[in-house]
Amino acid sequence: MPKHTIVLIPGDGIGPEVTSAARRVLEAGGLSVEWVVLPAGATAIEQGLDNVMPQRTLAAITAHKICLKGPVTTPIGSGFASVNVQLRKKLNLYAAVRPVRSMPGIKTRYENVDLIIVRENTEGLYSGIENEVIPGVVTSLKVATEVACLRIARYAFRYATRRRRRKVTVFHKANIMKMTDGLFLKCSRKIWEEEYPNIDYEELIIDAGCMKLIQDPTRFDVLLMENLYGDLISDLCAGLVGGLGVTPGANIGDDAAVFEAVHGSAPDLAGKGVANPLAVIMSGVMMLRHLHEDASADRIRKAYDTVLAEGKTLTKDLGGEANTEEFADAVIAKF
Ligand code: NAD
């Protein structure tokens, strides 16, 4: 009997390629699992379903509580609402956790980057409430609630404490958005003062924060921010350590967790078998830790760190020639 039942959403574009490679690595690394493979995104429509976020897929994640997800495509400017936003809201996956660290053997401008982005995942400008006031005038509503702001702040400080992190920095724009970002800041400050005064605390207006991130990312530890800022800063930070091929993520709620890379469906690479599966493999390692499978998590992390450090089998985004499956094979060969 497999020890875990995990929902797998292959997703769109490069999703099926990178999740298939990650699945092989996770199983070879010791994960005892029954995968429940279900669609979401454009793939669901291609399979004849009438919804990009099928009820069956949501129900399976609710039942099994854990999901490994490939990226899904969202049409730009029109079309269906983002599957990711729907999934995060419907399952109340309020905390996006995205570790960003310098990888062995991957040369970038910086060394020793080791930070965690904690992004509020359910509201802000991603509330999806948009309105045409009159032709030529449209609005988009930014929503901040005290409940969600306190919840994400508490999550970030608790995470920092449990992981022995020393500092939480809040990125905000409360000088302009005095009410919404003002509430986010007030809640972050309250949780720090009342519950976690032993953690260092810092507030930065996000524009200056971006400059400081580029000047010296090693001065940061845990970064806490609302939804849109977290989305943007995640890709910026990916660029500090080698790109979207090496940045994993988790969407955590009280009742379920969905693990997925920061990157999207990369239509430019889809079907070529050359995308880097590492970000999904790393998301899988986060999932293993969530499942208290630390021995497997350590084994897999050690294996891909070794492959990266040797530099012989790297995908194109990291300067190599290996394809998706060859990279996965190289990791498996290290077990
Ligand atoms: P993207 O992340 O798909 O790609 C940006 C760039 O990074 C591209 O040049 C791509 O080739 C490269 N890249 C991405 N992942 C890679 C990997 N694993 N290996 C090597 N190179 C990789 O972003 P985009 O092009 O802006 O978005 C494409 C689609 O993905 C859009 O529909 C967008 O809405 C969606 N998206 C989905 C998610 C998600 O499902 N979580 C996240 C971001 C974007």
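This one's a predicted model, so the numbers in the text were calculated from it and none came from an experiment. Whatever order the structure lists ligands and atoms in, that order sets their numbers, starting from 1.
Distances between N or O atoms of Thr73 and those of ligand 1 include no value under 3.5 Å. At least one N or O atom of Val72 sits closer than 3.5 Å to an N or O atom of ligand 1. Checked by distance only, ligand 1 and Ala266 come closer than 3.5 Å through their nitrogen or oxygen atoms.
For the side-chain hydrogen bond (donor to acceptor under 3.5 Å, both in side chains) with Lys69, the lone residue among Asn84, Asn251, Thr57 that qualifies is Asn84.
Nearest to atom 43 (C) of ligand 1 by heavy-atom distance, out of Gly264, Pro277, Ala270, Gly239, is Gly264. For the residues Thr247, Asp317, Leu318, Ile14, the heavy atom positioned nearest atom 16 (C) of ligand 1 is part of Ile14. Looking at Glu260, His263, Glu17, it is His263 that brings a heavy atom closest to atom 14 (C) of ligand 1. Nearest to atom 19 (N) of ligand 1 by heavy atom, out of Val18, Ile76, Asn276, is Asn276.
Contact atoms of ligand 1 toward Asn84: 37 (C), 38 (C), 39 (C), 40 (O), 41 (N) (distance under 4.0 Å to a heavy atom of the residue). For ligand 1, the atoms lying closer than 4.0 Å to a non-hydrogen atom of Pro267 are 28 (C). Heavy-atom proximity to Leu269, at under 4.0 Å, picks out these atoms of ligand 1: 11 (O), 20 (C), 21 (N), 22 (C). Residue Pro71 has at least one heavy-atom neighbour below 4.0 Å for each of these atoms of ligand 1: 39 (C), 40 (O). Contact atoms of ligand 1 toward Val262: 42 (C), 43 (C) (distance under 4.0 Å to a heavy atom of the residue). Residue-ligand proximity, Leu244 to ligand 1, at heavy-atom distances under 4.0 Å covers atoms 2 (O), 5 (C), 7 (O).
Atoms SG and CZ, on Cys149 and Arg154 in that order, are 12.0 Å from each other to the nearest 0.5 Å. Atom-to-atom distance recorded for Phe220:CZ and Phe171:CZ is 4.5 Å, nearest 0.5 angstrom.
Side-chain polar atoms of Thr139 and Glu130 form no donor-acceptor pair below 3.5 angstrom. Between the side chains of Glu203 and Trp192, no donor-acceptor pair is found at a separation under 3.5 Å. Side-chain polar atoms of Glu111 and Ser102 form no donor-acceptor pair below 3.5 angstrom.
For the pair Lys316 and ligand 1, no heavy-atom separation below 4.0 Å is found. Using 4.0 Å as the threshold, Ala279 has no heavy atom nearer than that to any atom of ligand 1.
In terms of heavy-atom proximity, Pro104 sits nearest to Leu308 at O-CB, 3.2 Å.
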Practice item. Report the C-alpha distance between His290 and Phe259 in whole Å, list the side-chain angles of each, state the deciding distance to 0.1 Å, and finish with yes or no for ring pair (Phe, Tyr, Trp, His ring centres under 6.0 Å). Key: CA-CA 10 Å; His290 185 86; Phe259 297 82; 5.4 Å; yes
